[in-house]
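Counting from 1, the numbers follow the sequence of the chain as shown. What you see below is based on every heavy atom in this structure, not just the backbone, and it leaves out hydrogens, waters and symmetry mates.
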Amino acid sequence: MFTGLVEETGVILGREEGSLLRLKIGARRVLEGTRVGDSIAVNGACLTVVDLDGEGFFVELAQETLKKTAGPWRVGQRVNLERALRLGDRLGGHFVTGHVDGVARVVSVRREVGAWDVWLEAPLPLARYIAPKGSVALDGVSLTVAGVESCRFFVTLIPHTLEATTLAEWTEGQGVNLEVDLIARYLERLMAFGSVPEERHG
C-alpha cells in the first residue's frame, strides 16, 4: 500500500530484455532500509526489489505489467519513486495500491504562473470511477480531480508537485499510468450486490 506522495525521482540506469524486463533504477532516499523483496512504486506500479547495489535497485516487469503501464521504461527516463507504507506512517495522500488500472492520455497542458491545469482522457471502462474532488494516482502521484467531462478530467499541478515529481515533463498525447480511487471500486461492488435480493433459507 502506498500514499501517492513521491519520495524522490530516480533514473533508469539499465534495461535488460528477456521473458521479464529487468530494470536498474538509480536512487538514494528510497534505498534507506530497503531490502530484497520489498515493494517500491515506480511511476505508480508496485514492483518488487530483486537486487540492490550502491547505485540503486533492480526490478523485473512481467508482460502483464508492461501491457497495463505506459512505459516506455527507457534508459535515462526519470521515474517517480515511493516505498510501501509502514505501520505508523502518516497518510498524506490517499490509499494507493500500486496496481495500475490503465493508461490515461494527456489531452492538453495549460501552463499558468503558479499552477498548471492538465486535461487527460481516461479509458472508457475507468472513467466511471473518476469524480470531481475525488482522488486519482497519475504516474504514482496522488492528485485531486478538479473537473470531469465525460471520459476527460483535469488536475491542477502546483509548483511543489512540478518540482518533486516528473509531471513537469508531461506532453500532449503522452500516456500516463492511472490508478483510480480504491474506495470508488468498492462502492461500485457494494452497490451491485445491494441490488440483489437476499437469499432466503428454510
Side-chain angles (χ1 to χ4, degrees), residues 1-9 39-47 68-70 78-196:
M1 189 68 72
F2 306 89
T3 66
L5 299 182
V6 173
E7 294 186 84
E8 69 171 317
T9 58
S39 296
I40 295 179
V42 181
N43 271 6
C46 177
L47 301 176
K68 286 279 189 179
T69 57
R78 289 204 311 140
V79 289
N80 298 316
L81 302 175
E82 181 191 354
R83 289 169 293 185
L85 273 172
R86 295 173 299 182
L87 189 64
D89 282 352
R90 296 174 65 183
L91 180 64
H94 73 283
F95 284 120
V96 177
T97 65
H99 301 154
V100 175
D101 292 305
V103 176
R105 296 286 169 187
V106 176
V107 176
S108 66
V109 181
R110 188 176 70 185
R111 298 171 175 84
E112 301 286 351
V113 177
W116 295 8
D117 284 342
V118 182
W119 277 92
L120 303 101
E121 185 167 10
L124 182 60
L126 299 177
R128 65 180 180 271
Y129 301 114
I130 300 173
K133 308 306 179 185
S135 297
V136 290
L138 298 173
D139 276 353
V141 182
S142 174
L143 295 166
T144 299
V145 177
V148 177
E149 290 182 3
S150 186
C151 288
R152 295 187 175 187
F153 66 99
F154 81 94
V155 293
T156 298
L157 308 180
I158 62 174
H160 174 76
T161 302
L162 294 169
E163 292 171 7
T165 71
T166 65
L167 274 53
E169 300 170 11
W170 281 356
T171 58
E172 293 180 8
Q174 176 180 337
V176 302
N177 293 327
L178 167 66
E179 181 182 331
V180 298
D181 188 14
L182 183 65
I183 295 174
R185 282 193 172 280
Y186 277 120
L187 181 60
E188 180 187 52
R189 183 74 169 167
L190 179 64
M191 295 295 289
F193 273 92
S195 62
V196 177

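- Between the side chain of E8 and the main chain of L81, no donor-acceptor pair closer than 3.5 Å is present.
- Within the 3.5 Å criterion, the main-chain N or O of V107 finds no donor-acceptor partner in the side chain of E121.
- Atom CZ of R110 has 12 or fewer neighbouring heavy atoms from other residues, nucleotides or ligands inside a 6.0 Å radius.
- The list of ring-ring contact (aromatic ring centres under 6.0 Å, His included) pairs with a residue in residues 100-145, not counting sequence neighbours, reads W119-F154.
- Looking at T9 and N80, their side chains never bring a donor and an acceptor atom within 3.5 Å of each other.
- Between T156 atom OG1 and E112 atom CD the span is 10.0 Å, to the nearest 0.5 Å.
- Not a single donor-acceptor pair under 3.5 Å links the side chain of E179 to the backbone N or O of V96.
- The heavy-atom pair separating C151 from L124 by the smallest distance is SG-CD1, 3.5 Å.
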Side chains of residues 167-178: which donor-acceptor partners sit under 3.5 Å, not counting sequence neighbours?
{"unit_1": "E169", "atom_1": "OE2", "unit_2": "R78", "atom_2": "NE", "d": "2.6"}
{"unit_1": "E169", "atom_1": "OE2", "unit_2": "R78", "atom_2": "NH2", "d": "2.7"}
{"unit_1": "W170", "atom_1": "NE1", "unit_2": "D139", "atom_2": "OD2", "d": "3.3"}
{"unit_1": "Q174", "atom_1": "OE1", "unit_2": "T171", "atom_2": "N", "d": "3.1"}
{"unit_1": "N177", "atom_1": "OD1", "unit_2": "A70", "atom_2": "N", "d": "2.6"}
{"unit_1": "N177", "atom_1": "ND2", "unit_2": "N43", "atom_2": "O", "d": "2.9"}

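- In this structure, CZ in R105 is found 11.0 Å from CG in L120, a value given to the nearest 0.5 Å.
- Expressed to the nearest 0.5 Å, how far CG of D101 lies from OG1 of T69 amounts to 12.5 Å.
- Within 6.0 Å of CD on E149 lie no more than 12 heavy atoms contributed by other residues, nucleotides or ligands.
- With sequence neighbours left out, V148 forms a side-chain contact (heavy atoms from CB on, under 4.5 Å) with I130, P132, V145, F153.
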